[in-house]
Amino acid sequence: MSEEGVHPTVIETPSKLGVSLSPLHTLDCVVVHLHGDYLSPLAMLNTDSELESYDTQLQEFLREILTNYGLIIAGWSAAYDPALKSLIERHYPGRYTPTWIEPFDLSSQATDLIGQLKATRIESNADEALGFLEDAVVSMATKRSRHPLAVSVAVAAAKRELSKEPVSIQLHDTLHSELSLIATLPETTLPEDPSEAMAALTAMGGAHNMAQRTAEAARSATALAACLGYWGEGDQYEKLLLDAVSRLSTPLSAHPQPDTGGMSRVAGQSLFYGAGVAAVAAERWDLLIRLLRLETPGKGKRENLERAVDVLAAPGPLGRLKLDPYKTVTPLLNEALTIGSEPVERAWERFEVLCLAHKILSNPNFHKLAEVVREYDEPLAAATKARDEAQASGKDTYFERVALTQARQDSAAQLGSLLRQVRADHLHIEVVEDFKEDLLYSPEVRRLQVDAWALDALVRAEFATSEADLVMALRAVDIAASAAASALIERSRGPHFFMDPRWLDERSYPENLAAASV
């Protein structure tokens, strides 16, 4: 043990258990020879009669150990030491689950004791089993789990600081402290060397477990981002928030593999949604536009900028690593904003819709394609009017309905030309079925299309050059949502099955996120 840098307190005989022994919780390592030491032969316990009972002082010591500490048993038959077996049976508490390491068949005494203690047996030798347990302990430590109060305390402090003037230095320092914690995680700083990186990946349990721990470490930072997104008025607060999102949208690791090397983006996506959904809930459209237009250096491409929305929008890093962005972040939004779960859900859905609309409006050919779409609006309006007039007169509407279906398909095909590299599958957007019109649509898109105040505010914030362009982009989002819902229906129960309403992210993330395309 000394050769490994561990310097134990050694108890060879019961006489050493007296007042000279420090309290156990102050000692890093204690070795006790229950049966004595060969250098003190008179104190050794060997025969059956000698092993029937222990010295009173040793019994008291063992009772303290068994009452206050967990127990790992390695390579003990329990057959030849009735005194120890009896002490364990009498004094070991049920609150700790013992671990029993034994590669061979157990004795009847050991089997009985395992049953009484409800112990977990590991069929392995001590080297492998204790190595496994050590890896598990290290993994738990690197998770850096937070106390449940940490988020609520961070939120309360942020709200206090945001109510002050001028800009809070303490809030700035708190957020940067959280970002520094994320930036030093083993998960976000994998080594570039392939063999070292593979060893680290194995020790940390793979990409999914790494993502879980990274998302856990980002909880307080995400809650702070939500507070800033909702209440952080002023350029300095907005810069603090946008810098935080930008910092985590760039991979911090030199490792070349996209998901594991870019693990910091798991935290970045949490902050992106925390800030974006909060901004939508507060109707802070200027901040929303700045967030959607945020650019960040790509990995190894400092001169080439990437848009944060392209990197972090759902499904994003969380989705690719089989974590649900909505389920991961909304509990933090609910705690930070305290506006109710339904308003948070609606703000999340509107944020998803506006992310898609922003991508469509950013298409360099948007205006040219929009003009082509408008050419198909007149035939669509005429076919709709003819169908309505036929229905009002009580006539058979078969031919009018066929013409309307064709006009809709032609219009949708042109709208689809606006959807280059834009997908709605796996987003938290609700889709319902209009049985009268025999089509699928997004209620949130329809609500936003007629929300005159929001449309005007978004145009004034330069989200789009005109309200007509914004409505056109929203029509394209509606087509994308209905196409994603159709693909989801076909994958679940066939083309004629639909459960109304349906959320596009309601199913768990599959291995292949390219299961549906617009």
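As a basis for the values below, the full set of heavy atoms in this structure was taken, side chains included, without hydrogen atoms, waters or symmetry mates.
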>> So, using side chain to side chain donor-acceptor pair (under 3.5 Å) as the criterion, who are the partners of Arg160 when residues are at least two apart?
In response: none
> Leu248 versus Thr188: any side-chain heavy-atom pair under 4.5 Å?
Replying inline: no
> Listed by chain and number, what are the side-chain contact (heavy atoms from CB on, under 4.5 Å) partners of Asn125, not counting sequence neighbours?
Replying inline: Asp127, Glu128
> What pairs of residues pass the salt bridge (Lys or Arg N to Asp or Glu O under 4.0 Å) test when at least one of them lies in residues 457-475, not counting sequence neighbours?
Replying inline: Arg374-Asp469, Asp377-Arg475, Asp456-Arg460
>> If you define the side chain from C-beta out and look only at heavy atoms, does anything of Tyr326 sit under 4.5 Å from Glu352?
In response: no
>> What I want to find out is whether Arg213 reaches Glu216 closely enough, with some N-O distance under 4.0 Å, to be called a salt bridge.
In response: no
> Sequence neighbours excluded, which residues qualify as ring pair (Phe, Tyr, Trp, His ring centres under 6.0 Å) partners of His367?
Replying inline: none
>> Filter on salt bridge (Lys or Arg N to Asp or Glu O under 4.0 Å), then keep only pairs touching residues 191-202, sequence neighbours left out; what's left?
In response: none
> Hey, does Thr328 have a side-chain heavy atom less than 4.5 Å from the side chain of Tyr273?
Replying inline: no
> With Val477, which of Leu354, Leu356, Leu419 fulfils side-chain contact (heavy atoms from CB on, under 4.5 Å)?
Replying inline: Leu356
> Met472 and side-chain contact (heavy atoms from CB on, under 4.5 Å): which partner among Leu369, Ile360, Leu418, Leu361?
Replying inline: Leu418
> Salt bridge check: are Glu430 and Arg346 linked by an N-O gap of less than 4.0 Å?
Replying inline: yes
> Who pairs with Asn209 by side chain to side chain donor-acceptor pair (under 3.5 Å), at least two apart in sequence or on another chain?
Replying inline: none
> Will you find, in the side chains of Thr120 and Thr97, an N or O donor that is under 3.5 Å from an N or O acceptor?
Replying inline: no
> Arg446: what forms a salt bridge (charged side-chain N to carboxylate O under 4.0 Å, His left out) with it, not counting sequence neighbours?
Replying inline: Asp478
> Do the rings of Trp348 and His428 sit parallel, tilted or perpendicular, given the 30° and 60° boundaries?
Replying inline: perpendicular
> Is there a side-chain contact between His358 and Ile289 (heavy atoms, below 4.5 Å)?
Replying inline: no
> Heavy-atom distance under 4.5 Å between the side chains of Thr260 and Met204, does that happen here?
Replying inline: no
>> Show the nearest heavy-atom pair for residues Tyr69 and His25, with the distance to one decimal.
In response: OH-N, 3.6 Å
> Going by heavy atoms in the side chains, are Arg320 and Pro315 under 4.5 Å from each other?
Replying inline: no
>> Phe272: which residues meet the ring pair (Phe, Tyr, Trp, His ring centres under 6.0 Å) condition with it, sequence neighbours left out?
In response: Phe351
>> Please enumerate all residues that pass side-chain contact (heavy atoms from CB on, under 4.5 Å) together with Ala183, with sequence neighbours excluded.
In response: Arg247, Leu252
>> With a 4.5 Å cut-off on side-chain heavy atoms, are Leu179 and Leu271 touching?
In response: yes
> Does the distance from a Lys or Arg side-chain N to an Asp or Glu carboxylate O, for Arg350 and Glu444, drop under 4.0 Å?
Replying inline: yes
>> So Glu233 and Arg284, do their side chains get closer than 4.5 Å, heavy atoms only?
In response: yes
> side chain to side chain donor-acceptor pair (under 3.5 Å) with Asp310: which residues, sequence neighbours excluded?
Replying inline: Arg307
> Taking only residues two or more places apart in sequence, or in another chain, which ones meet Arg290 in a side chain to side chain donor-acceptor pair (under 3.5 Å)?
Replying inline: Glu238
>> With a 6.0 Å cut-off on the ring centroids, do Phe463 and Trp285 count as close?
In response: no
>> How close do Ile339 and Ala281 get, counting heavy atoms only, and between which atoms?
In response: CD1-CB, 4.0 Å
> Quick one: side-chain contact (heavy atoms from CB on, under 4.5 Å) partners of Gln170, sequence neighbours excluded?
Replying inline: Glu161, Ser168, Thr174
